[in-house]
Protein chains: 2
Amino acid sequence: MKISLDQFDKAFENRIRLQIMSVLVANESYDFNSLKELLNLTDGNLASHLKALEKEEYIQVEKTFIGRKPNTRYLASEKGRSAFRLHLLALENLIKQQKL
Amino acid sequence: MKISLDQFDKAFENRIRLQIMSVLVANESYDFNSLKELLNLTDGNLASHLKALEKEEYIQVEKTFIGRKPNTRYLASEKGRSAFRLHLLALENLIKQQKL
DNA sequence: AAAAGTACTTTGTTGTTCAAAGTTAAATAT
DNA sequence: ATATTTAACTTTGAACAACAAAGTACTTTT
């Protein structure tokens with residue numbers, strides 16, 4: 001019996017990064033504060049998880065202004081999307097195995 | 001939009017524990033050395049992850065002899081099985097969200 | 001001028017993961 | 001009889017990850 005978690009991605013092992021990526025793949029962009037509220041995180045903690053995903057080039061950052069307020073938006077990159085897709089496939093396979 | 005990872009279980013956040021649990025739920029029991037080979041782990045590392053699952057009462061241990069050699073077998077408990085089921089459901093929901 | 005908002009960074013503590021080495025006890029080989 | 005091996009750990013120590021809280025820089029609102 002083979003346990004196929006080959007495509008399992010360390011960057012998504014953490015629950016919070018899994019959630020962030022899930023949001024960013026489902027919504028073409030999401031800003032810092034909305035993410036912070038949605039996931040109920042301190043800003044420092046959110047920033048560091050975002051940075052980890054940025055380091056992997058799984059997300060991109062866009063700094064703009066809404067009215068006169070700074071607004072930082074995050075987007076899943078193509079690289080991030082496909083890495084995430086593979087990761088979910090790995091999880092899906094694991095789930096499927098359980099159902100046989 | 002709600003991100004439903006409510007049933008996400010910290011005990012299964014780690015890749016190795018996820019694999020162990022996956023094996024133990026699919027096979028009614030598995031012994032230490034087979035698990036060690038299957039997952040390619042040092043014995044110390046495997047032992048500590050097994051201990052973590054034992055502490056949660058997600059697995060049970062049975063010490064027997066095969067011939068004259070000691071043989072330690074691990075089994076998923078009912079508690080472990082249902083916790084794992086809920087965890088996989090949480091992941092499944094996450095995956096489903098992506099596909100909408 | 002003071003307070004508040006945005007988006008961080010820094011600091012320091014705590015937690016997690018791991019390999020490697022050590023342990024115990026029995027079994028087998030020399 | 002002694003040495004080596006196997007099984008199944010435990011202990012140690014180091015590296016890394018996660019987190020809250022506090023600090024920062026800059027701007028805007030009051």
Side-chain angles (χ1 to χ4, degrees), chain A residues 3 5 8-24 27 29-76 83 87, chain B residues 3 5 8-24 27 29-76 83 87:
Chain A
I3 307 284
L5 278 183
F8 191 91
D9 194 325
K10 269 224 130 202
F12 305 131
E13 186 160 9
N14 176 274
R15 190 189 102 259
I16 293 170
R17 287 194 299 272
L18 190 66
Q19 288 180 306
I20 291 173
M21 206 59 193
S22 182
V23 172
L24 295 188
N27 303 270
S29 87
Y30 225 82
D31 67 53
F32 189 86
N33 274 326
S34 306
L35 219 39
K36 188 180 136 187
E37 270 177 41
L38 182 69
L39 303 179
N40 221 321
L41 300 172
T42 58
D43 48 4
N45 194 13
L46 174 57
S48 72
H49 282 300
L50 286 168
K51 193 150 219 193
L53 291 170
E54 224 188 312
K55 196 180 154 201
E56 298 295 323
E57 298 177 303
Y58 286 174
I59 63 174
Q60 278 150 15
V61 189
E62 278 186 13
K63 281 159 194 286
T64 56
F65 284 82
I66 288 184
R68 291 171 157 169
K69 289 185 182 174
N71 182 262
T72 308
R73 297 185 310 136
Y74 298 89
L75 304 85
H87 184 77
Chain B
I3 308 282
L5 277 185
F8 191 91
D9 194 325
K10 269 223 131 202
F12 304 132
E13 186 160 7
N14 176 274
R15 190 190 102 257
I16 293 171
R17 289 193 299 272
L18 189 66
Q19 287 180 307
I20 292 173
M21 205 59 193
S22 183
V23 171
L24 295 189
N27 302 271
S29 87
Y30 225 83
D31 67 55
F32 189 87
N33 273 324
S34 307
L35 220 38
K36 187 180 135 185
E37 270 177 41
L38 182 68
L39 303 179
N40 222 321
L41 300 172
T42 57
D43 49 4
N45 194 13
L46 174 57
S48 71
H49 283 299
L50 286 168
K51 194 150 217 194
L53 291 170
E54 225 188 312
K55 196 179 154 201
E56 298 294 324
E57 298 178 303
Y58 286 173
I59 63 173
Q60 278 149 16
V61 190
E62 277 187 13
K63 281 160 194 285
T64 57
F65 283 83
I66 287 183
R68 290 169 156 171
K69 289 186 183 174
N71 182 262
T72 308
R73 296 185 310 135
Y74 297 90
L75 304 85
H87 184 77

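Here is the naming used below: chain letters follow the sequence lines, and residue numbers restart at 1 for every chain.
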Worksheet item: DNA chain D: R68(A) or R17(A), which has the more 5' nearest nucleotide?
Response: R17(A)
Practice prompt. Would you indicate, yes or no, if dA19(C) has its OP1 or OP2 atom less than 4.0 angstrom from a side-chain nitrogen or oxygen of T42(B)?
Written response: yes
Worksheet item: Under 4.0 angstrom, heavy atoms only, what part of the nucleic acid is F65(A) near: base, sugar-phosphate, or nothing?
Response: nothing
Discussion item. The side chain of T72(A) is closest to which nucleotide in this list: dA8(D), dA7(D), dA7(C)?
Written reply: dA7(C)
Item to complete: Please confirm whether the backbone N or O of R73(A) pairs with a side-chain atom of S29(A), one donor and one acceptor, at under 3.5 Å?
Response: no
Worksheet item: Rounded to whole angstrom units, what separation is found between the CD1 atom of I59(B) and the P atom of dA8(D)?
Response: 14 Å
Worksheet item: Taking CG from N45(B) and P from dA21(C), how many angstroms apart are they, rounded to a whole number?
Response: 16 Å
Item to complete: Choose from dA19(C), dA8(D), dA20(D) the nucleotide whose nearest atom is closest to any side-chain atom of F32(B).
Response: dA8(D)
Worksheet entry | Atom-to-atom span, CG of L50(A) to C1' of dT9(C) - whole angstrom | 14 Å
Practice prompt. In whole angstrom, give the distance that lies between atom CG of L53(A) and atom C1' of dA17(D).
Written response: 14 Å
Item to complete: Pick out which of L35(B), V61(B), N45(B) makes a side chain to side chain contact (heavy atoms under 4.5 Å, CB included) with L50(B).
Response: L35(B)
Practice prompt. When you get a sec, tell me which of dC8(C), dC19(D), dA7(D) is the closest nucleotide to the side chain of K69(B)?
Written response: dA7(D)
Worksheet item: Of P70(A) and S48(A), whose nearest nucleotide on DNA chain D comes first from the 5' end?
Response: S48(A)
Worksheet item: Which residue lies toward the 5' end of DNA chain C, D31(A) or K10(A), if each is placed at its nearest nucleotide?
Response: D31(A)
Worksheet entry | Side-chain N,O (N33(B)) to OP1/OP2 (dA8(D)) below 4.0 Å | yes
Worksheet item: Looking only at heavy atoms, which two atoms of D9(A) and H87(A) are closest? And how far apart?
Response: N-ND1, 2.9 Å
Discussion item. Within the 4.5 Å heavy-atom criterion, are Y58(A) and I20(A) side-chain neighbours or not?
Written reply: no
Discussion item. At 4.0 Å (heavy atoms only), tell me whether L46(B) reaches a base, stays on the sugar-phosphate, or touches nothing.
Written reply: nothing
Discussion item. Looking at dC18(C), I'd like to know if its phosphate oxygens (OP1 or OP2) sit under 4.0 Å from a side-chain N or O belonging to H49(B).
Written reply: yes
Fill in: Nucleotide of dC9(D), dT9(C), dA18(D) approaching Y74(B) most closely (side-chain heavy atoms)
dC9(D)
Practice prompt. Grab the CG-P distance between L39(A) and dA7(C) for me, whole Å please.
Written response: 15 Å
Response to the item:
Closest of dG5(C), dC9(D), dC19(D) to the D43(B) side chain is dC9(D)
Discussion item. Contact between Y74(B) and V23(B) at the side-chain level, heavy atoms closer than 4.5 Å - yes or no?
Written reply: no
Response to the item:
To the nearest angstrom, the NZ-P distance between K63(A) and dA7(C) comes to 8 Å
Discussion item. From CD of E13(A) over to C1' of dA18(D), roughly how many Å is that when rounded to an integer?
Written reply: 13 Å
Discussion item. Is the phosphate of dT17(C) approached by N14(B) (side-chain N or O, under 4.0 Å from OP1 or OP2)?
Written reply: yes
Worksheet item: Touch check for L41(A), heavy atoms < 4.0 angstrom, all strands: base, sugar-phosphate only, or nothing?
Response: nothing
Worksheet item: Which heavy atom of E13(A) sits nearest a heavy atom of N14(B), and at what distance?
Response: OE2-CA, 3.1 Å
Worksheet item: How long is the line joining CD1 of I20(B) and C1' of dT17(C), in whole Å?
Response: 13 Å
Worksheet entry | Phosphate OP1/OP2 of dC9(D): any K36(B) side-chain N/O under 4.0 Å | no
